[in-house]
Amino acid sequence: MRNPIGMFDSGLGGLTVAGELLRQLPNESIIYFADTAHVPYGERPLAEIEEFALGITQFLIEQGAKAVVMACNMSSAAALSSARETFPDIPILGVIGPGSRAAVGSGAKSIGVLATTGTVKSGAYSRIIKELNPDCEVLEQPCPPFVPLVEAGLAESEEAEVAVRSCVEPLLANGIQAVVLGCTHYPFLRPAIARTAPNVQIIDPAEETVRELHNILEERGITAHNDEAAEHIFYASGDMDGFARLGSSFLGKDINHVRHAQWGVDLMPRAKSRI
Ligand code: DGL
């Protein structure tokens with residue numbers, strides 16, 4: 001197998017980024033890690049997420065990843081800078097920087113962000129968007145029910161419709177012009193979000209993330225070309241069957257073989273290095 005792009009998330013959400021990678025860079029192989037032993041991440045402290053993210057990044061690099069995409073907003077908020085310090089030789093991307101650049105690039109001045117509690121608490125979207133354009137107003141809305149609904153395969157249920165309305169309406173009341181899907185699980189709820197907010201631009205950071213990844217691969221001369229077939233490998237730390245079943249339908253590709261990677265055996269939570 002050629003050197004893959006490592007990607008990870010707490011569960012199914014990062015597949016929205018993997019799907020975009022397959023679309024934009026079909027020659028790249030992917031090694032995907034779903035931390036289903038710890039999903040949902042949303043209410044956990046950022047320091048704990050940082051330890052998970054550093055442990056997973058190390059695991060992916062040990063498996064041969066030539067670049068790592070944190071296909072998870074909480075990990076991006078908690079661990080991007082420490083992962084870059086800890087593993088300086090491998091390009092590591094998060095989704096919050098690209099998502100913020102896409103939001104500012106949309107031209108909207110009043111931007112809503114739907115995210116998990118942890119990502120909202122980190123304030124990362126507000127900080128980065130305002131650094132890019134101090135005239136933008138940013139409103140961040142935590143959406144605790146969304147990830148459990150997606151992981152349960154209920155993204156298209158009435159329950160999801162109601163949860164989406166209750167989280168999106170406060171942003172609409174504040175006159176937002178664009179809304180960032182600030183958790184990689186949320187693109188699975190995009191139809192319900194679009195029904196609730198039909199006149200608002202919906203920004204999925206995945207597209208810009210993969211565009212920026214492509215630029216980095218090109219700069220380093222490590223883009224895969226079409227001389228070998230791409231191969232994709234999936235790992236899960238907890239539930240594997242649910243991940244394979246729902247993941248296959250979300251990705252539109254058979255995830256027929258999910259490997260088990262066990263915390264404490266195959267990978268370790270890792271405190272940040274003190275450089
Ligand atoms: N999909 C992840 C994110 O983008 C984590 C969601 C969760 O497990 O709460 O933040």
Side-chain angles (χ1 to χ4, degrees), residues 9-10 12-14 16-17 20 40-43 46 49 70-78 80 94-150 154-212:
D9 181 43
S10 59
L12 293 161
T16 60
V17 187
E20 186 59 28
Y41 277 1
E43 305 294 315
L46 288 163
I49 300 304
M70 296 186 172
C72 168
N73 289 262
M74 283 238 347
S75 302
S76 308
L80 183 61
V95 283
I96 296 183
S100 300
R101 287 186 274 283
V104 171
S106 75
K109 289 290 172 292
S110 177
I111 298 167
V113 178
L114 299 170
T116 61
T117 303
T119 298
V120 170
K121 275 194 190 150
S122 79
Y125 272 105
S126 298
R127 191 175 61 250
I128 298 175
I129 291 172
K130 282 185 166 296
E131 273 166 21
L132 293 166
N133 185 345
D135 295 337
C136 286
E137 191 199 345
V138 186
L139 287 160
E140 300 197 48
Q141 170 71 41
C143 311
F146 287 10
V147 169
L149 284 165
V150 170
L154 295 172
E156 284 165 28
S157 63
E158 185 49 34
E159 206 181 331
E161 199 79 26
V162 172
V164 164
R165 275 203 296 273
S166 77
C167 292
V168 174
E169 278 168 359
L171 296 177
L172 295 178
N174 280 287
I176 55 153
Q177 297 156 329
V179 66
V180 180
L181 305 180
C183 168
T184 53
H185 282 73
Y186 298 178
F188 295 125
L189 296 162
R190 188 176 182 138
I193 294 168
R195 278 191 292 277
T196 304
N199 302 315
V200 168
Q201 280 190 71
I202 299 178
I203 295 164
D204 178 354
E207 201 178 316
E208 179 61 20
T209 303
V210 176
R211 201 173 300 126
E212 294 183 14

Side chain proximity check, [X] to [Y], heavy atoms < 4.5 angstrom:
X	Y	result
Tyr41	Cys72	yes
His185	Asp9	yes
Ser10	Met74	no
Val168	Val179	no
Tyr125	Pro205	yes

Check your understanding: Who are the side-chain hydrogen bond (donor to acceptor under 3.5 Å, both in side chains) partners of Thr116, not counting sequence neighbours?
Key ->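 Thr116 satisfies side-chain hydrogen bond (donor to acceptor under 3.5 Å, both in side chains) with Thr119 once adjacent residues are dropped.
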
Kindly give the heavy-atom pair with the smallest separation between [X] and [Y], and that separation in Å.
X	Y	answer
Gly94	Thr209	O-CG2, 3.8 Å
Phe188	Leu12	CE1-O, 3.7 Å
Ile203	Gly99	CG2-O, 4.3 Å
Glu161	Ala192	OE1-CB, 3.8 Å
Ser76	Ile96	CB-CG1, 3.9 Å
Ala160	Ala155	CB-O, 3.5 Å

Spatial distance of atom [atom1] ([X]) from atom [atom2] ([Y]) [nearest 0.5 Å]:
X	Y	atom1	atom2	answer
Cys183	Leu189	SG	CG	9.0 Å
Ser100	Arg127	OG	CZ	9.5 Å
Thr16	Glu207	OG1	CD	12.0 Å
Arg165	Thr196	CZ	OG1	6.0 Å
Ser126	Glu131	OG	CD	11.0 Å

**Message:** Counting neighbours of NZ on Lys130 that are heavy atoms of other residues, nucleotides or ligands and sit closer than 6.0 Å, is the number greater than 12?
**Reply:**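 It does: Lys130 NZ has more than 12 such atoms within range.
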
Next on the checklist: Has Asn133 got a side-chain atom pairing as donor or acceptor with Ile129's backbone, closer than 3.5 angstrom?
Outcome noted: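 No: the side chain of Asn133 does not pair with the backbone of Ile129.
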
Between Thr184 (side chain only) and Ala71 (backbone N and O only), is there a donor and an acceptor less than 3.5 Å apart?
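Judged by distance alone, yes, a pair lies under 3.5 Å.
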
Fill in: Option among Val95, Val113, Leu181 that satisfies the side chain to side chain contact (heavy atoms under 4.5 Å, CB included) test with Asn73
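Answer to the side chain to side chain contact (heavy atoms under 4.5 Å, CB included) test with Asn73 among Val95, Val113, Leu181: Val95.
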
(message) With side chain to side chain contact (heavy atoms under 4.5 Å, CB included) as the test, pick out the partner of Leu114 among Ile202, Val164, Val120, Leu171.
(response)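 Passing option: Leu171.
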
Result block: side-chain N/O donor-acceptor pairs under 3.5 angstrom for residues 101-112, not counting sequence neighbours:
from, atom 1, to, atom 2, distance (Å)
Arg101, NE, Glu212, OE2, 2.8
Arg101, NH2, Glu212, OE1, 2.8
Ser106, OG, Ala103, O, 2.6
Ser106, OG, Ala108, N, 3.2

I'd like to check the salt bridge (charged side-chain N to carboxylate O under 4.0 Å, His left out) partners of Glu140; sequence neighbours left out, ordered by chain and number.
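Partners of Glu140 under the salt bridge (charged side-chain N to carboxylate O under 4.0 Å, His left out) test: none.
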
Worksheet entry | Stepwise side-chain contact (heavy atoms from CB on, under 4.5 Å) test for Arg190 and Asp204 | CA-CA 9 Å; Arg190 188 176 182 138; Asp204 178 354; 3.9 Å; yes

